[in-house]
Student: 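Below is one structure. I have some questions about it.
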Amino acid sequence: SFHRIPKEEITQLEHLGRGTRTNIYAGTLSCREEEEDGGNVQYSTREMRVVLKILDSAHRDISLPFFETASMMRQVCHKHIVLLHGVCVRNLENIMVEEVVEFGALDLFMHRKSEHLSTAWKFLVAKQLASALSYLEDKNLVHGNVCTKNILLARQGLDGDSGPFIKLSDPGVPITVLSREERVERIPWIAPECMDDTKNLSIATDKWGFGTTLWSVCYNGELPLKDRSLAEKERFYEAHCKMTPPVCCKELAELMQQCMNYNPPERPFFRAIMRDINRLQEQNPDIVYEDQPRAEID
Ligand code: ATP
Ligand code: MG
């Protein structure tokens, strides 16, 4: 179930980056708007900036799983999750047409601005991500690729009192189509139970990814285990190793450890994670932004 966009309605502009079997471009989508004017219906078209995520035509064999991702994204509507306008089939290419999120991926942003990131900033990112994942948990939907590059920034929040505003991006091609080597590369983002069998993918998998994301956010976007070889990464999971807890934010470190539990059923519910984050903010009012709406604090 997804909205099909005719190929004539999109224009492809500059290349933004490469993903897993995808290329990402800036683009436009023309939208027909109906206007009523004294009984006459008038049509006008408006060009909207969008992002085009194009599955490489060499990977047409995985168009079905690619559309499964699109179908999952069409079922969600949340302020901290990227909006999917629809999908487009253009000759041999399959395309997801998505909302533009102004400041791009969180990992790159954090690298650039590492000196300016406060504890309050990191707490708000954690809280917004937990709210998006709690929404998915309530709807019984699995994301499957929670990591800092799949969190996009709509507002930087480095000045003023309102803080950052994130949007969780789509998970891209499902991990069920990845090779074992590609899954090993994703250690420690991918949950350990998905290494031997991707059928173990569940909402608990996203809790592990959330934990790894907290680690990376605490360390200003550093990539976990980035200098390890594939064999070392595999050994890390086999030996049930743990990431070094960040010292900068003790409280987030504890949450991170609860989420990165090798036994999936022991990982906390996102609702409980939200409660913990709220409690931590109540105990430390200095890490709460002034303009944060009351509803988000409650
Ligand atoms: P994966 O499935 O591995 O996540 P992907 O196709 O989603 O692959 P990414 O590596 O996540 O590709 O994204 C590539 C780059 O495209 C990002 O670094 C980001 O800068 C940009 N990008 C992706 N989506 C958006 C968006 N909605 N708005 C703005 N920039 C985006
Ligand atoms: Mg992505």
Side-chain angles (χ1 to χ4, degrees), residues 5 10 12-29 48-60 62-63 65-74 76-88 93-113 128-129 132-133 136 142-156 164-179 181-191 194 198 201 205-206 209-210 212-213 216 221 223-224 226:
I5 295 172
I10 58 169
Q12 185 173 325
L13 301 170
E14 76 272 15
H15 187 243
L16 296 179
R18 267 201 65 77
T20 310
R21 307 196 190 165
T22 54
N23 272 293
I24 288 115
Y25 292 87
T28 61
L29 170 66
M48 192 198 306
R49 289 172 62 221
V50 290
V51 160
L52 306 176
K53 185 170 288 194
I54 308 182
L55 182 68
D56 296 341
S57 51
H59 292 302
R60 259 174 306 143
I62 56 167
S63 18
F66 186 72
F67 285 142
E68 275 163 25
T69 293
S71 156
M72 187 276 284
M73 290 300 286
R74 280 296 288 182
V76 306
C77 176
H78 190 275
K79 62 181 176 176
H80 291 300
I81 301 180
V82 163
L83 174 75
L84 178 78
H85 293 294
V87 299
C88 175
E93 290 173 326
N94 297 307
I95 307 173
M96 282 199 250
V97 182
E98 295 181 348
E99 136 188 51
V100 177
V101 185
E102 204 56 45
F103 301 103
L106 187 68
D107 56 347
L108 302 176
F109 179 83
M110 293 186 86
H111 294 159
R112 285 200 306 273
K113 305 282 182 180
Q128 293 173 354
L129 181 60
L133 291 169
L136 293 180
V142 177
H143 184 276
N145 194 4
V146 177
C147 57
T148 43
K149 77 163 180 160
N150 281 339
I151 299 169
L152 305 168
L153 259 188
R155 189 173 70 209
Q156 306 186 59
F165 195 98
I166 63 140
K167 285 178 187 263
L168 178 62
S169 179
D170 70 85
V173 299
I175 59 165
T176 46
V177 306
L178 301 184
S179 67
E181 183 173 321
E182 286 172 309
R183 280 183 277 135
V184 173
E185 274 165 14
R186 288 197 183 177
I187 293 175
W189 299 106
I190 187 171
C194 295
T198 53
L201 184 69
T205 309
D206 289 337
F210 176 77
T212 314
T213 302
S216 179
L223 298 177
K226 68 170 192 297

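Whatever order the structure lists ligands and atoms in, that order sets their numbers, starting from 1.
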Student: Only one of Asn94, Thr20, Asn23 forms a side-chain hydrogen bond (donor to acceptor under 3.5 Å, both in side chains) with Asp56, so which one is it?
Tutor: Asn23

Student: Using only atom types and a distance under 3.5 Å, with no angle test, would you say the side chain of Ser71 pairs donor to acceptor with the backbone of Phe67?
Tutor: no

Student: Only counting residues at least two apart or in another chain, list the ones meeting side chain to side chain contact (heavy atoms under 4.5 Å, CB included) with Asn150.
Tutor: Asn145, Cys147, Ser169

Student: Check Glu99, His80, Glu102 against Lys167 for a side-chain hydrogen bond (donor to acceptor under 3.5 Å, both in side chains) and give me the one that passes.
Tutor: Glu99

Student: Could you give the distance from NE2 (His15) to CG (Leu52), rounded to the nearest 0.5 Å?
Tutor: 11.0 Å

Student: For Leu84, does its backbone N or O pair with a side-chain atom of Arg74 as donor and acceptor, under 3.5 Å?
Tutor: yes

Student: Look at the side chain of Thr148 and the backbone N and O of Gly221, then say whether any donor-acceptor pair between them is shorter than 3.5 Å.
Tutor: no

Student: Check whether any side-chain heavy atom of Ile54 sits under 4.5 Å from a side-chain heavy atom of Gln12, and report yes or no.
Tutor: yes

Student: Applying a heavy-atom distance cut-off of 4.0 Å, which protein residues contact ligand 1?
Tutor: Arg18, Gly19, Thr20, Thr22, Ile24, Val51, Lys53, Glu98, Glu99, Val100, Val101, Ala105, Asn145, Lys149, Asn150, Leu152, Pro171, Gly172, Arg186

Student: Could you pull out all residues at least two apart from Glu182 that satisfy side-chain hydrogen bond (donor to acceptor under 3.5 Å, both in side chains)?
Tutor: Arg21, Ser179

Student: What's within reach of the Mg ion (ligand 2), meaning protein N/O/S atoms under 2.8 Å?
Tutor: Asn150 OD1

